[in-house]
Amino acid sequence: MVRGIRPALEGATLVEFVRLPCKRRPLLLEPSLAVIRRRTSGKRIQAVRRRAKRVVIELETGEGFVIEPRMTGLMLVTDPPTVEHLRYAWRVRGADGIQTVQFWDRRGLGTVRLLDREALAALMTPGKIGPDALEMTPALWRDVLSRTRRPVKVALLDQALVAGIGNLYASEVLHLSRIHPATPADRLSPAKIRKLSEAVQSVLQLAIEHEGSTLSDGTYRNVLNQDGGYQNSHQVYDRAGLGCPRCGRSIVRIVQAQRSSFFCPVCQIDPSRRTARR
DNA sequence: ATTAATGTTCAGAA
DNA sequence: TTTCTGAACATTAA
């Protein structure tokens, strides 16, 4: 997302931030539209960055837009999937003239905020949300996972612990590292933690290279409104009843923290049954 | 026609 | 203190 919108925005001048005529109830916008427009119109865009799952558009003033797409939000530089779910747009003037980046959100759970310099700096460093998943090391993982007894799958989704891993990727990561999703986070062996650390890197890097996963209900799409490709590489996510690509056994779906987890009962051995021998 | 599910996050309760 | 529950929303599949 960030790489897609960066060429249009970085170095350009924000002509105006606009609310699009979406009929539905507005999603969270802070502060008010009028205040945002007053503070940002005419300002140069210094950088477009990512922090965990958030898009950050930093202005010359030090202030910055923080966009949280959540479930169905998209940043687009072309026509959207539907016109009625268009929420906001950034109209900018750059080297190539006037361009528009739009925020489209079907479910409307996404948020757009304008943060001041201090709040932005606080967001970019680990604090309220944890270190970025792609910045983690085995040592950091050990530290973070030792802090909770919750199931490792639930811990991976806790953005205060580690920021940037979503539900689908948590299942994929655990399958690749052959860890049962119900394993208490603080009971993973150093060897498993190392595997987990490597799996997070490879799954997320590959997913980014393939421009994400477009699921059956057409959720994520790139800035050109094109499908991603990583759904074709899913080993377990949304594959309950289908064969594990590694061993052939049927993939199982369970619910943890009110979210679906998918895993292979053969490749990912239940830790409580591992030592069950007499 | 209901119900449950969905790449999520957060406040408030247990 | 830590963990769990439900709500915000729109759409689709069962």
Side-chain angles (χ1 to χ4, degrees), chain A residues 1-2 4 22-30 50-55 66-75 80-88 103-113 123 127-130 133-134 144-175 182 184-186 200 203-223 225-241 253-262:
Chain A
M1 224 176 236
V2 165
C22 173
K23 289 192 171 67
R24 308 289 179 177
R25 182 181 184 285
L27 72 170
L28 177 64
L29 180 70
E30 270 180 5
R50 176 184 70 80
R51 168 63 168 124
K53 302 177 188 175
R54 294 146 210 233
V55 175
V66 176
I67 300 103
E68 249 184 53
R70 302 211 186 177
M71 300 287 279
T72 53
L74 301 179
M75 292 293 271
T82 60
V83 179
E84 67 264 29
H85 298 104
L86 273 175
R87 310 279 174 163
Y88 298 104
F103 180 61
W104 179 94
D105 188 4
R106 179 158 60 77
R107 278 178 79 176
L109 298 174
T111 67
V112 176
R113 280 176 243 243
L123 173 73
K128 195 168 185 288
I129 60 174
L134 286 173
V144 155
L145 293 172
S146 70
R147 285 186 229 154
T148 181
R149 304 165 65 173
R150 284 130 90 207
V152 60
K153 163 66 161 48
V154 178
L156 288 182
L157 294 181
D158 185 347
Q159 306 296 301
L161 245 37
V162 178
I165 301 176
N167 192 47
L168 163 180
Y169 296 108
S171 282
E172 292 298 320
V173 161
L174 291 175
H175 179 262
D186 60 353
V200 167
V203 166
L204 294 186
Q205 289 291 3
L206 209 57
I208 289 168
E209 276 170 40
H210 289 257
E211 300 205 73
S213 306
T214 299
L215 305 184
S216 47
D217 61 339
T219 42
Y220 180 75
R221 319 184 124 248
N222 70 11
V223 296
N225 190 23
Q226 297 162 328
D227 284 8
Y230 194 68
Q231 65 279 3
N232 301 317
S233 299
H234 291 173
Q235 307 289 295
V236 290
Y237 182 76
D238 204 19
R239 288 177 47 82
R253 172 183 179 270
I254 60 174
V255 174
Q256 297 176 289
Q258 300 153 202
R259 316 224 36 204
S260 290
S261 298
F262 298 89

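Owing to the predicted nature of the structure, the values given are computational and were not obtained by experimental measurement. In what follows, chains carry the letters A, B, and so on, assigned in the order in which the sequence lines appear, proteins first and then strands, with residues in each chain numbered from 1.
Using a 4.0 Å heavy-atom distance criterion, Arg259(A) is classed as a base contact. Using a 4.0 Å heavy-atom criterion, one finds that Thr148(A) contacts the sugar-phosphate atoms exclusively. Among the heavy atoms of the strands lying under 4.0 Å from Gly212(A) is at least one base atom, whether or not backbone atoms are also near. Across all strands, Arg253(A) comes closer than 4.0 Å only to sugar-phosphate atoms, never to a base (heavy-atom distances). Residue contacts shown for Tyr237(A) are limited to sugar-phosphate atoms, with no base heavy atom under 4.0 Å away.
Between the CG atom of Leu86(A) and the C1' atom of dC9(C) there is a distance of 17 Å, given to the nearest Å. Residue Gln256(A) contributes atom CD, which lies 16 Å from atom C1' of dT5(C) at whole-angstrom precision. Asp158(A) has its CG atom 10 Å from the P atom of dC10(B), to the nearest Å. At whole-Å resolution of the value, CG in Leu109(A) and C1' in dA8(C) are 6 Å apart. The separation between Leu157(A) atom CG and dT3(C) atom P is 14 Å, rounded to whole Å. One can place CG of Leu215(A) at 13 Å from P of dA13(C), the figure rounded to the nearest angstrom. Taking atom CZ of residue Arg149(A) and atom P of nucleotide dT2(C), one finds them 12 Å apart after rounding to whole Å. For the pair Arg87(A) CZ and dC9(C) P, the interatomic distance rounds to 10 Å; values are reported in whole Å.
One P atom belongs to dT1(C), the other to dT8(B), and the distance between them is 28 Å to the nearest Å. Between dT3(B) and dA7(C), the distance separating the two P atoms is 15 Å to the nearest Å. Taking atom P in both dT5(C) and dA4(B), the straight-line distance is 16 Å, to the nearest Å. Across the C1' atoms, dC4(C) and dG7(B) are found 22 Å apart, a figure rounded to whole Å. The P atoms of dT6(B) and dT3(C) are separated by 23 Å, rounded to the nearest whole Å.
Side chains of Met71(A) and Asp105(A) form no contact here, defined as non-hydrogen atoms less than 4.5 Å apart.
Checked against the 6.0 Å centroid threshold, Phe262(A) and Tyr237(A) count as a close aromatic pair.
Lys53(A) has no side-chain polar atom (N or O) that falls below the 4.0 Å cut-off from OP1 or OP2 of dG7(B). Dashed line: the shortest gap from a side-chain N or O of Arg106(A) to OP1 or OP2 of dA10(C) is not under 4.0 Å. Distances shorter than 4.0 Å separate some side-chain N or O of His85(A) from OP1 or OP2 on dT11(C). In terms of phosphate contacts, Gln258(A) brings no side-chain nitrogen or oxygen within less than 4.0 Å of OP1 or OP2 of dC4(C).
The backbone N or O of Thr214(A) sits less than 3.5 Å from a side-chain atom of Gln231(A), completing a donor-acceptor pair. Gln159(A) places a side-chain N or O within donor-acceptor distance of the main-chain N or O of Ile165(A), the cut-off being under 3.5 Å.
Tyr220(A) contributes no side-chain N or O that forms a donor-acceptor pair with the base of dG7(B) under 3.5 Å.
In terms of position on DNA chain B, the residue among Ile129(A) and Phe262(A) whose nearest nucleotide sits closer to the 5' end is Phe262(A).
A 3.5 Å limit on both hydrogen-bonding distances identifies dT8(B) as the Watson-Crick or G-U partner of dA8(C).
Comparing dC10(B), dC4(C), dA5(B) by their nearest atom to the side chain of Arg70(A) picks out dC10(B). The side chain of Tyr169(A) sits closest to dG7(B) out of dA10(C), dG7(B), dC4(C).
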Assess whether side chain to side chain contact (heavy atoms under 4.5 Å, CB included) is satisfied between Asp227(A) and Arg221(A), documenting all intermediate values. CA-CA 5 Å; Asp227(A) 284 8; Arg221(A) 319 184 124 248; 2.6 Å; yes
Apply side chain to side chain contact (heavy atoms under 4.5 Å, CB included) to residues Gln205(A) and Leu134(A) and explain how you reach the verdict. CA-CA 8 Å; Gln205(A) 289 291 3; Leu134(A) 286 173; 4.0 Å; yes
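A donor-acceptor contact closer than 3.5 angstrom is absent between the side chains of Ser233(A) and His210(A).
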